[in-house]
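Single-structure report; data block below.
Just follow the structure's listing: the first ligand is 1, and inside any ligand the first atom is 1. All heavy atoms count here, side chains included; hydrogens, waters and symmetry mates do not.
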Amino acid sequence: MQATIDIEQLGFDAGAHVLVKHALAALAPGHTLQVRGRACGWEGQLIAWCRTQGHQCAFAPDGAGGNVATVRHSLDSADGADSAPPAGAAGRWRGALRTGHADPALPGALAAHADARWGLAARGATVEAGSPPIAFRLAGRDEVWGERAADLYAQAAAAQWDPQTAIDWAAPFELPDIVEDAVAQVLTYMIENEVAALVVPARFLGQLHPHYREVQAVLAIQVADEARHIDVFTRRLRLKGREPGLSTAGGQASLKTLLDEPDFSVAEFLLSVLGEGTFVSLLHFLHEHAPDPVTRQIARLAARDEARHVAFGMTHLAARLDSDPGFRARLANAVQSRNDALSATSGLNEEVFDALILLAAGALTVPAIAAGYLKVQQLMRDMAEGRQARLERLGFGKEAAQHLSSLHTRNFM
Ligand SMILES: [Fe+2]
Ligand SMILES: [Fe+2]
């Protein structure tokens, strides 16, 4: 049956094109649309609109003193997410590009390589020919993907907390000056580590092809998490009138190697799997042993966020190693060369190490320091065991895992 639409008195300067466009979109492939109208000059307007859309249009007398137009769609299925325009499609959709599918679970949804010509388009969109190419350095699926990306983003979005209300800033406590100083020193160290953990994913975020939007979302919310950690650590540091303490050359040298790493997977491995994984142990330690309730609360909340950052590093590295088992050797080399690069730094972490002992001791007495020292020794063992376990989960043998764990930076991150 011939599809017909009557646009009555509506002109193309008043929205008639919307009716014609939708009537065309409903047509079966190869069918035409008849258009009737009565607005003054509608025929000329329809011809002009069809030209901009690439549709063909012809007129015949309607037998009542007017005209009826026959419009042939330039493209039978331009707006279906699954469909690319057929080869040889006429008009503006000639050469349009298919961009996968919004749902990553559907077959073919994710390209092995994302095309620069897709630019910023929503995954699943049909991109008009002539759109400007946008070069994203990270455009290969195996370079960036992790199976749990969408799930981890959803968890992160649901777990965001408000620094103002999630922490009882007014909780009463007074620490001996020397212990409060130790807390401030540990937090000074933690803040610069958090800054590195913000800057590293933020740098990759701007280089990541938006086709892999689940990874983009994970990195974006990770950056927001780190901004919140910097905020709450700074607030706690200043809660009793202290200012930040010492930032060591060795600590910054360690963090700079993370910033300098150009490969996304290697950076994820060093920062998230090894560094943030180790940092989670430190946060658990602070949650358990910090001398005041505010530090204990912020350590608990930050540890929950950090666990997700580690989980993304793990899911990405698992996928990367699955597609390229040889990459394991590259990861091992990265740990070794980082260790070599940092071997010249002296006194690494001493300020933090001693501050942790005092913080866990809670007082400057022989029995308190003895107990604090033992707690920090246990922390070091927990950190090493955690790193080994994660390395083994990524397929490193027991000995290799122990060796690589032992080469990990003394800065923890
Ligand atoms: Fe953090
Ligand atoms: Fe983190």
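Between Trp161 and His229, the ring planes are parallel. Angles under 30° get that label, and only those over 60° would be called perpendicular. Taking the six-membered ring where tryptophan is involved, the planes of Trp49 and His55 are tilted, since the angle between them lies from 30° to 60°.
Side-chain contact of Asp305 with Gln160: a donor-acceptor pair under 3.5 Å is absent, judged by distance alone.
Atom ND1 is the N, O or S atom of His229 at the shortest distance from the Fe ion (ligand 1). The Fe ion (ligand 2) sits nearest to atom ND1 when only the N, O or S atoms of His309 are considered. Between the Fe ion (ligand 2) and the N, O or S atoms of Glu276, the shortest distance is to OE2. Here the N, O or S atom of Glu226 that is nearest to the Fe ion (ligand 1) is OE1.
At least one N/O/S atom of Glu306, from backbone or side chain, sits under 2.8 Å from the Fe ion (ligand 1). Between the Fe ion (ligand 1) and Glu194 there is an N/O/S contact shorter than 2.8 Å.
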Pairs under 3.5 angstrom only: tabulate donor-acceptor contacts from the side chains of residues 11-30 to other protein residues two or more places apart or in another chain.
none

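Within a 6.0 Å radius of CZ in Arg117, no more than 12 heavy atoms belonging to other residues, nucleotides or ligands are found.
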